[in-house]
Amino acid sequence: GQDELLFDGDSAAVAPDGSKWFGQGSKILRYHESGWEHIIIPNGMSIARHSVTQIVFGKDGDTWFSTQSGVVCFDGTTWQRFGVEEGCTDKEIIAAIADRDGNLWFSDSGGGVYRYDGNTWTRYSVTIKNSPSRTVNSFVCDTNGTLWAGTSDGLAVFDGDAWREVPALSETNFRDNVIKAIAADREGGIWAGTSTGSVFHLRNGEVISYTPENGVLLPVSMLTMLVDDDGVLWVANGQSGTIIPPYGLARFDGKTWMR
């Protein structure tokens, strides 16, 4: 039946009204109290030809879709694409987030970071080790509303005017500076996972490392991580259906890593 629709998609998000949105290639599905709804995309929109990579929600209730060719907004009735002509980008969107103030942030495959405040697009670059245009792979807001970014060469934070490098993590003995996923905990700490299976916890300027060198075998090329309501950290990569290291899913309860 309609309520038994199976889904194997690329992106998912929960809207403020509790409905669930899913991106499956160039298809968009929404699940609400009445069941599944297939969202019809108008012909000619880039989203109809490119996969949805991220879904976020604006302060006005609009739904925003990151694609392999820029950003698309849907207000429930009207679709609008934002690209270079509007001050955004035509490149593939890598990461997206809505911050505490309702601003929308997007990063692209060319190293650009774009903020939309509801009226104006502003482009930023992330400079680490004096090299600009580091690609942002993931965003997160901490408990204070500060915005952090995991990049292709370390961790960065937005100070209100510009993105700056986080020296505490940059000076850590990385095997790999490519941060694929980040998460924030309730105590104000930031977790960062790298492409080689290392995890770092930054809190109050101090860094704790969990790496293969010290016996922690975690999923490589982490795609996502989150901290649940109980304070447990979960990390996963794209190798679905397997629990054989170094692939799959792992969790950390503050004392022990479990797979």
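For this chain, numbers begin at 1 and follow the sequence in order.
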Student: Rounded to the nearest 0.5 Å, what's the gap from OG1 on Thr120 to CG on Asn103? Could you check?
Tutor: 10.5 Å
Student: Taking all atoms of both residues into account, what is the closest heavy-atom pair of Gly150 and Ile182, and its distance?
Tutor: N-CD1, 3.5 Å
Student: Quick check: does any side chain N or O of Glu86 sit under 3.5 Å from a backbone N or O of Gly83, one acting as donor and the other as acceptor?
Tutor: yes
Student: Is it possible for you to say whether Ile55 and Val14 belong to one hydrophobic cluster, with membership spreading through side-chain heavy-atom contacts below 4.5 Å?
Tutor: no
Student: I'd like to know if the side chain of Thr135 reaches the main chain of Ser152, judged simply by a donor and an acceptor atom lying under 3.5 Å from each other, with no hydrogens or angles considered.
Tutor: no
Student: When you group the ILVMFWY residues by side-chain heavy-atom contacts below 4.5 Å and let the links chain together, are Tyr210 and Leu233 in the same group?
Tutor: yes
Student: Between CG of Asp75 and CG of Asp60, what distance do you get to the nearest 0.5 Å?
Tutor: 9.5 Å
Student: Are Val71 and Tyr114 close enough that some pair of their side-chain heavy atoms sits under 4.5 Å apart?
Tutor: no
Student: Out of curiosity, His32 NE2 to Arg30 CZ, how far, rounded to the nearest 0.5 Å?
Tutor: 4.0 Å
Student: Between Asp142 and Gly188 (side chain of the first, backbone of the second, donor and acceptor by atom type, cut-off under 3.5 Å), is there such a pair?
Tutor: no
Student: For the atom pair CH2 (Trp79) and OG1 (Thr63), what is the distance rounded to the nearest 0.5 Å?
Tutor: 8.0 Å
Student: Taking Lys59 for its side chain and Asp117 for its backbone only, find out whether a donor-acceptor pair lies under 3.5 Å.
Tutor: yes
Student: Going through the distances and angles, do Thr146 and Asn144 end up as a side-chain hydrogen bond (donor to acceptor under 3.5 Å, both in side chains)?
Tutor: CA-CA 6 Å; Thr146 301; Asn144 296 317; 5.3 Å; no
Student: Is the backbone of Ile93 close enough, under 3.5 Å, to the side chain of Thr53 for a donor and an acceptor to pair up by distance?
Tutor: yes
Student: Does Asp17 use its side chain to pair, donor to acceptor, with the backbone of Ser19 at less than 3.5 Å?
Tutor: yes
Student: Please examine the side chains of Trp121 and Thr89, heavy atoms only from C-beta on, and report whether any two atoms are closer than 4.5 Å.
Tutor: no
Student: May I ask you to decide if Ala95's main-chain N or O and Ser107's side chain share a donor-acceptor pair within less than 3.5 Å?
Tutor: yes
Student: For the residue pair Tyr116 and Trp64, does the interplanar ring angle fall in the parallel (under 30°), tilted (30 to 60°) or perpendicular (over 60°) class?
Tutor: tilted
Student: Answer whether the closest heavy-atom distance between the side chains of Trp21 and Phe57 falls below 4.5 Å.
Tutor: yes
Student: How many angstroms lie between CD1 in Ile28 and CD in Glu37, if you round to the nearest 0.5 Å?
Tutor: 11.0 Å
Student: Consider only side-chain heavy atoms of I, L, V, M, F, W and Y, link residues closer than 4.5 Å, and tell whether Ile94 and Leu104 are in one cluster.
Tutor: no
Student: What heavy-atom pair brings Val232 and Arg251 nearest, and what distance separates the two atoms?
Tutor: CG1-CB, 3.9 Å
Student: Where the side chain of Arg100 meets the backbone of Leu147, is there a donor-acceptor pair that is under 3.5 Å apart?
Tutor: no
Student: Identify the heavy atoms of Asp185 and Thr143 that sit nearest to each other, and give their distance.
Tutor: O-CG2, 3.4 Å
Student: Give a yes or no answer on whether the side chain of Asp99 reaches the backbone of Asp101 with a donor-acceptor pair at less than 3.5 Å.
Tutor: yes
Student: Are Trp257 and Ile208 in one and the same hydrophobic cluster, where Ile, Leu, Val, Met, Phe, Trp and Tyr link if side-chain heavy atoms are under 4.5 Å apart?
Tutor: yes
Student: Is it the case that the side chain of Thr224 and the backbone of Ala236 share a donor-acceptor pair, with hydrogens and angles ignored and the cut-off at 3.5 Å?
Tutor: no
Student: Excluding sequence neighbours, so at least two apart, what forms side-chain hydrogen bond (donor to acceptor under 3.5 Å, both in side chains) with Thr122?
Tutor: none
Student: Can you tell if the side chain of Leu155 reaches within under 4.5 Å of the side chain of Phe200, non-hydrogen atoms only?
Tutor: no
Student: Going from OG on Ser125 to CZ on Arg134, what distance comes out if it is rounded to the nearest 0.5 angstrom?
Tutor: 11.0 Å
Student: Flag the pair Arg81 and Asp90 as a salt bridge only when some basic side-chain nitrogen lies within less than 4.0 angstrom of an acidic carboxylate oxygen.
Tutor: yes
Student: Quick one: are Val178 and Lys180 in side-chain contact, heavy atoms under 4.5 Å?
Tutor: yes
Student: Using the ring centroid of each side chain, check whether Tyr124 and Phe158 are separated by less than 6.0 Å.
Tutor: yes
Student: Kindly determine whether Val113 and Phe139 satisfy side chain to side chain contact (heavy atoms under 4.5 Å, CB included), including the steps that lead there.
Tutor: CA-CA 11 Å; Val113 175; Phe139 292 112; 4.1 Å; yes
Student: Does a side-chain heavy-atom distance below 4.5 Å link Val227 with Arg186?
Tutor: no
Student: Show the nearest heavy-atom pair for residues Ala184 and Cys141, with the distance to one decimal.
Tutor: CB-O, 3.6 Å
Student: Quick check: do Trp163 and Val136 have side-chain heavy atoms less than 4.5 Å from each other?
Tutor: no
Student: With a 4.5 Å cut-off on side-chain heavy atoms, are Phe74 and Ile41 touching?
Tutor: no
